[in-house]
Amino acid sequence: SQTIHQWPATLVQPVGSPLSLECTVEGTSNPNLYWYRQAAGRGLQLLFYSVGIGQISSEVPQNLSASRPQDRQFILSSKKLLLSDSGFYLCAWGLAGADTQYFGPGTRLTVL
Amino acid sequence: GNSVTQMEGPVTLSEEAFLTINCTYTATGYPSLFWYVQYPGEGLQLLLKATKADDKGSNKGFEATYRKETTSFHLEKGSVQVSDSAVYFCALYSGGGADGLTFGKGTHLIIQP
C-alpha cells in the first residue's frame with residue numbers, strides 16, 4: 001500500500017530564516033505530487049504541483065519554491081520566511097491521470 | 001473558474017443527531033466531487049467521492065449524492081458520534097492533467113455527548 005510522509009511535523013522559525021519541508025511517498029511510482037497551504041479560516045490553497053522529476057508548476061506567486069529531486073520526493077523551500085508564511089503545509093500525491101489525491105500528515109509552520 | 005461553497009460553522013450537534021453539511025460548486029465540465037475529513041492536528045483523509053451525476057459516495061455511515069441539476073454534493077449522516085467531531089472539506093477536481101483540487105473553506109463539526 002502507499003504511504004506519504006512529511007517532516008518535520010512542527011516548525012517554529014524566525015522571520016528571514018530559510019525553510020525546507022520534505023515529503024516522500026512510498027509504494028507507487030511516478031506519482032503526481034502537490035503542496036497545499038492551509039491558513040486559518042481560508043481553506044486549502046494549492047501552491048505547487050509536479051508531474052515528474054524536475055517538473056514544477058506554480059499556482060501562486062510567492063517567496064516559496066518547490067523541487068522534485070527524486071521520483072517520490074517533493075521539497076518546499078524558502079530563502080527568507082515572512083510572517084505570512086505561517087500555516088499548515090500539506091503534501092499530497094495522486095496517480096497520473098487520476099482525480100483523487102491523498103494527503104500527508106502535514107507540517108505546522110509558525111514564523112515569529 | 002472553479003469554486004466550492006460550504007457552510008463554515010461551527011456546526012454543533014448532539015450525539016445521535018442527523019447531520020447535513022451543505023456543499024455547492026461551480027465548475028466547467030463534469031467535475032469529480034469529494035469530501036475530506038481533518039481531525040485535529042492531522043492531514044486530510046478522503047471520506048468519499050463521486051465522479052458523475054446521480055452517483056452516491058458513501059463511507060463510515062456518511063453519504064453524499066452528486067446532484068448536477070443543483071450543483072450540490074451535500075454530506076449526510078443519520079446518527080453522528082462524538083468521534084465524528086472534525087473539520088469537513090468539500091472539494092472538486094475538473095482538470096484533465098495534474099491540476100489540484102479546489103476546496104471549500106471547511107466546516108467545523110462539534111458533536112456533544
Side-chain angles (χ1 to χ4, degrees), chain A residues 1-10 21 23 25 30-53 55-60 66 68 74 87-110, chain B residues 1-10 21 23-52 55 57 59 64 66 73 86-108:
Chain A
S1 64
Q2 299 87 5
T3 56
I4 178 169
H5 305 279
Q6 287 186 245
W7 64 89
T10 306
L21 304 181
C23 170
V25 180
N30 197 32
N32 293 333
L33 296 173
Y34 306 84
W35 279 112
Y36 290 84
R37 176 169 58 201
Q38 184 179 19
R42 296 185 60 184
L44 280 86
Q45 180 185 38
L46 178 66
L47 302 175
F48 301 95
Y49 68 88
S50 171
V51 299
I53 296 174
Q55 301 178 65
I56 308 296
S57 296
S58 174
E59 290 293 301
V60 180
R68 185 169 177 175
F74 205 25
F88 193 48
Y89 288 82
L90 289 156
C91 182
W93 73 273
L95 294 172
D99 57 4
T100 305
Q101 295 176 21
Y102 303 92
F103 287 79
T107 295
R108 173 75 58 192
L109 172 66
T110 303
Chain B
N2 298 335
S3 66
V4 174
T5 302
Q6 61 179 110
M7 52 203 298
E8 292 185 35
I21 300 177
C23 170
T24 57
Y25 68 90
T26 302
T28 54
Y30 302 92
S32 296
L33 301 174
F34 304 84
W35 277 101
Y36 284 85
V37 58
Q38 184 179 35
Y39 298 101
E42 298 184 7
L44 274 68
Q45 298 178 24
L46 177 64
L47 183 58
L48 53 84
K49 64 178 278 191
T51 58
K52 61 183 187 294
D55 265 2
N59 186 25
Y66 190 143
F73 192 54
V87 180
Y88 292 81
F89 290 92
C90 185
L92 70 82
Y93 177 84
S94 66
D99 298 10
L101 297 168
T102 300
F103 284 88
K105 291 188 176 182
T107 300
H108 187 194

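Please read these numbers as outputs of a predicted model, since none were measured by experiment. So you know, we letter chains A, B, ... as the sequences are listed, proteins then strands, and number each from 1.
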- Message: Let me confirm one number: the CZ-CD distance from B/Phe103 to A/Gln38, rounded to the nearest 0.5 Å.
- Response: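 B/Phe103 atom CZ to A/Gln38 atom CD measures 9.0 Å (nearest 0.5 Å).
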- Message: Distance check, rounded to the nearest 0.5 Å: A/Tyr34 atom OH versus B/Leu101 atom CG?
- Response: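 Going from the OH atom of A/Tyr34 to the CG atom of B/Leu101 covers 7.5 Å.
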With a 4.5 angstrom heavy-atom cut-off, is it the side chain or the backbone of [X] that approaches chain A, or both, or neither?
| X | result |
| --- | --- |
| B/Gln38 | side chain |
| B/Leu46 | side chain |
| B/Thr51 | side chain |

- Could you look at A/Thr10 and say if it's the side chain, the backbone, both or neither that has a heavy atom under 4.5 Å from chain B?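 A/Thr10 has no heavy atom closer than 4.5 Å to chain B.
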- Please report the shortest heavy-atom distance between B/Ser32 and A/Asp99, naming the atom on each side.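 Distance-wise, the nearest heavy atoms are OG-OD2, 2.6 Å.
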- Message: For B/Tyr30, is the OH atom crowded, meaning more than 12 foreign heavy atoms sit under 6.0 Å from it?
- Response: no
